[in-house]
There are 2 protein chains.
Amino acid sequence: MDKPATIKDIARTLNLSTSTVSRAMRNAPDVNIETKKAVMALSEELNYQPNKLALSLKQKQTHNIGVIVPNLDYVLATMVRGIDEVALEAGYTVMVCQSNESFGREIVNTRRLLDSLVDGFIVSVSSETKVFDHFKKIQEKKMPMVVFDRVTPFLKAPGVRLDNTDGGFQATEHLIEQGYKRIAILAGPKNLGISNHRLDGYLAALKKYKIKPDPDLIIHCDFNQQYAYLATQELLNMKKRPDAIFTISDRMAIGAMLAIKEKGLKMPHDIGLVGFNNEPVVSLLTPGISSVDQPAFELGKVAAKLFIETMHHDGDMSEVEEVLKPKLHIRESSLRIIPKNTRSK
Amino acid sequence: MDKPATIKDIARTLNLSTSTVSRAMRNAPDVNIETKKAVMALSEELNYQPNKLALSLKQKQTHNIGVIVPNLDYVLATMVRGIDEVALEAGYTVMVCQSNESFGREIVNTRRLLDSLVDGFIVSVSSETKVFDHFKKIQEKKMPMVVFDRVTPFLKAPGVRLDNTDGGFQATEHLIEQGYKRIAILAGPKNLGISNHRLDGYLAALKKYKIKPDPDLIIHCDFNQQYAYLATQELLNMKKRPDAIFTISDRMAIGAMLAIKEKGLKMPHDIGLVGFNNEPVVSLLTPGISSVDQPAFELGKVAAKLFIETMHHDGDMSEVEEVLKPKLHIRESSLRIIPKNTRSK
DNA sequence: TTAATTCCCGGGATCGTTCCCGGCATCGCT
DNA sequence: AGCGATGCCGGGAACGATCCCGGGAATTAA
């Protein structure tokens, strides 16, 4: 009564072989209806739970998915929820590991999960990561792996991502339409794809409106609030300071906002601000910060679907890339109701 | 070259038995230093990774910890990071499952992990959960389980929690010291321990200052922003409206803030506000909202330590309960610099 | 009556690893 | 020379399940 019941216990007390019990469990056709009932009844009584380990060992699959994320902020936590949603539905359990944006931690985590614990990976790479050997090792083992959110050209794998270029474009075009002339961008680290794509969108919007990009207004800084704060201070101290800032994350937008308030400038009048991610926070601030919304939950679901597809599909899927569309949410920080007085300059 | 290398492959090519190779791997004393070297060299070359499944099957432990959380908001994500920190150090991998505050989902998750995937659990129960049979099933299997953050008297298990009573006391006393006279509390669901304890602290503070609690000022509402918003509207429409509100979470504080602003009241002058959790958000709002900080990361670490202790300690530890201290962070929402004019009423 | 078919079931190998047990040298000691 | 001690290694069972193969009994067909 101490140890959990096994298939053998059932076989013994019923005077059957383990094979028969096993078949009865899986409702195989070639077993007598009576014995089937007996097995079911006894397994119910003994509260029998099949040992997943033994099963996994035998058929060489664990039905676990390793999910590697750089952190668990609002956006990623939402995506993970999306992954969880469809994974559970498909009979998979997810193992979430956060790398804390640390390269070393990312390696440790993948190795741990790689030790025959998972059937494959769904990853979003850390911003620190510049070399991808640990992920390539996954692929060498022929394990399915899909990347999401933060995809990179250095890693050939099926993936799902936001149309970050479009997001950058929407934000920038909106600022232009609101009459802002000198629009700065706080971009992230140069090796991060999402950062570069949003920057591309920014440049594309400028080009469309025939605005010459000013290198002084393009800042690459680390992906957090403090750096954004410092970078914004510098921007505002320029002799020809920008009259609008587009930050590629809401965290950075908040850092920028703090610097702007400190300087005594008013949004949206003196300066416009648009962020990215549309975290719930930004609607609560005064003024509310405009932000590019991404369908995080949906993106997570697509990632998991893609993973399951990859599992069942033997061919090469590394070219597959789903792209979801962002949508700008406009708030007070960038809304000069009607572009009036813009020519008073 | 296709399949991953096993201990047998090494044994075969080296003309050894699997037993010897196994011993060599684990650096057992009774194996020749030469053979040991040879084994090591070959296993390096073949990129041998021991099969965790086989190992787990043999020794009946997986070195996985199942972590069940109601969601992954700021506080819980931080706690999970803390758990991860010490778990990894101790050679454990954590499997995080979110129940989305849903009772049913919680059951599904525990059952999944229970299928011989984890050695034990670290759980924070969903706010919806009123019956704990699924958790008791864990204990019947003699699996270690520790609870954290949301502990409940209905579940006898070692745990770590915040001194919520003290937190409620600190918040309320602070409001009293600031000269507020009619202090309302937005508490959570009645079956939630953390909610009741914070309420106890509130009552204790009132008692200390000989203020008679007013039942009309004690509101139980659901644990989210929207409900807090509605409840606050009602509070503010009372004929003798409160002049301060203590909410037991920051989400609720934000809901309250929205209602307050809508009503045209000014903080801290017309009304004081204190939240709970000290999420980064609250310092960014205008005015900044005072909030009771909890050492979430530390709490997660303690939970994991407790778990590991429980693993290695055979005796009953269900009486163990660690309690961490919160600390109020005061901001503009409740700070009437010097209690002047308070008697002008 | 005999052969063929169907229905149920058991035997044993297998997955990758550990671990108990026992065997065969070699060495040292009396 | 004979004995035990020691060092090093192999054999095989075990963990809990699946699955191929084969076999006996009963039923049916020839």
**Message:** Rounded to the nearest 0.5 Å, what separates atom CZ in A:F132 from atom CD in A:Q139?
**Reply:** 11.0 Å
**Message:** So that I know where these two stand, are A:F103 and A:H134 an aromatic pair - ring centroids less than 6.0 Å apart?
**Reply:** yes
**Message:** Here's a test for you: under side chain to side chain contact (heavy atoms under 4.5 Å, CB included), which of A:M79, A:E322, A:R161 qualifies with A:V302?
**Reply:** A:E322
**Message:** Within the supplied structure, the quantity of interest is the number of heavy atoms (other residues, nucleotides, ligands) at a distance under 6.0 Å from A:E89 CD; does it exceed 12?
**Reply:** no
**Prompt:** If you look at every strand shown and take non-hydrogen atoms under 4.0 Å, does A:N15 touch a base, only sugar-phosphate, or nothing?
**Reply:** sugar-phosphate
**Point-to-point distance, once rounded to the nearest 0.5 Å, from OG1 of B:T78 to CZ of B:R81** = 5.5 Å
**Prompt:** So what does A:L53 hit on the nucleic acid, given a heavy-atom distance under 4.0 Å: a base, only sugar-phosphate, or nothing?
**Reply:** nothing
**Prompt:** By salt bridge (Lys or Arg N to Asp or Glu O under 4.0 Å), which residues pair with B:K52, not counting sequence neighbours?
**Reply:** A:D115
**Request:** Begin with the C-alpha distance, continue with both residues' side-chain angles, and end with the deciding distance and a verdict on side chain to side chain contact (heavy atoms under 4.5 Å, CB included) for A:F297 and A:E85.
**Result:** CA-CA 9 Å; A:F297 187 70; A:E85 185 86 6; 4.1 Å; yes
**Request:** Name the first nucleotide and the last nucleotide along DNA chain D (5' to 3') that come under 4.0 Å of a heavy atom in chain B.
**Result:** D:dC8 to D:dG16
**Asked** Is the count of non-hydrogen atoms from other residues, nucleotides or ligands lying under 6.0 Å from B:K36 atom NZ greater than 12?
**Response** yes
**Message:** Between A:T20 and A:S17, do the side chains contain a donor N or O and an acceptor N or O under 3.5 Å apart?
**Reply:** yes
**Item:** Residues from residues 25-40 of chain A lying under 4.0 Å of DNA chain C - heavy atoms
**Value:** A:D30, A:V31, A:N32, A:T35
**Message:** Once you apply a heavy-atom cut-off of 4.0 Å, does A:Q49 come out as touching a base, just sugar-phosphate, or nothing?
**Reply:** sugar-phosphate
**Request:** Going by the side chain to side chain contact (heavy atoms under 4.5 Å, CB included) test, name the single residue among A:V69, A:D84, A:I68 that passes it with A:V96.
**Result:** A:V69
**Atom pair CD1 (B:I65) and CD1 (B:I122), whose distance is rounded to the nearest 0.5 Å** = 4.5 Å
Pairs under 3.5 angstrom, nitrogen or oxygen only, protein versus nucleotides 11-14 of chain C, please.
residue: C:dG11; atom: N7; partner: A:S19; partner atom: OG; Å: 3.4
residue: C:dG11; atom: O6; partner: A:S19; partner atom: OG; Å: 3.1
residue: C:dG12; atom: O6; partner: A:S19; partner atom: OG; Å: 3.3

Side-chain donor/acceptor pairs under 3.5 Å, residues 148-157 of chain A, sequence neighbours excluded:
residue: A:R150; atom: NH1; partner: A:E101; partner atom: OE1; Å: 3.2
residue: A:R150; atom: NH1; partner: A:V125; partner atom: O; Å: 3.3
residue: A:R150; atom: NH2; partner: A:E101; partner atom: OE2; Å: 3.0
residue: A:T152; atom: OG1; partner: A:F154; partner atom: N; Å: 3.0
residue: A:K156; atom: NZ; partner: A:E319; partner atom: OE2; Å: 3.4

**Asked** Considering residues, nucleotides and ligands other than B:K37, do more than 12 of their heavy atoms fall under 6.0 Å from its NZ?
**Response** no
**Asked** For B:L16 and C:dT17, what is the distance between atoms CG and P respectively, to the nearest whole Å?
**Response** 15 Å
**Message:** Quick check on the helix from C:dT1-D:dA30 to C:dT30-D:dA1: what's the angle between its two end axes, five base pairs per end, to the nearest 10°?
**Reply:** 70°
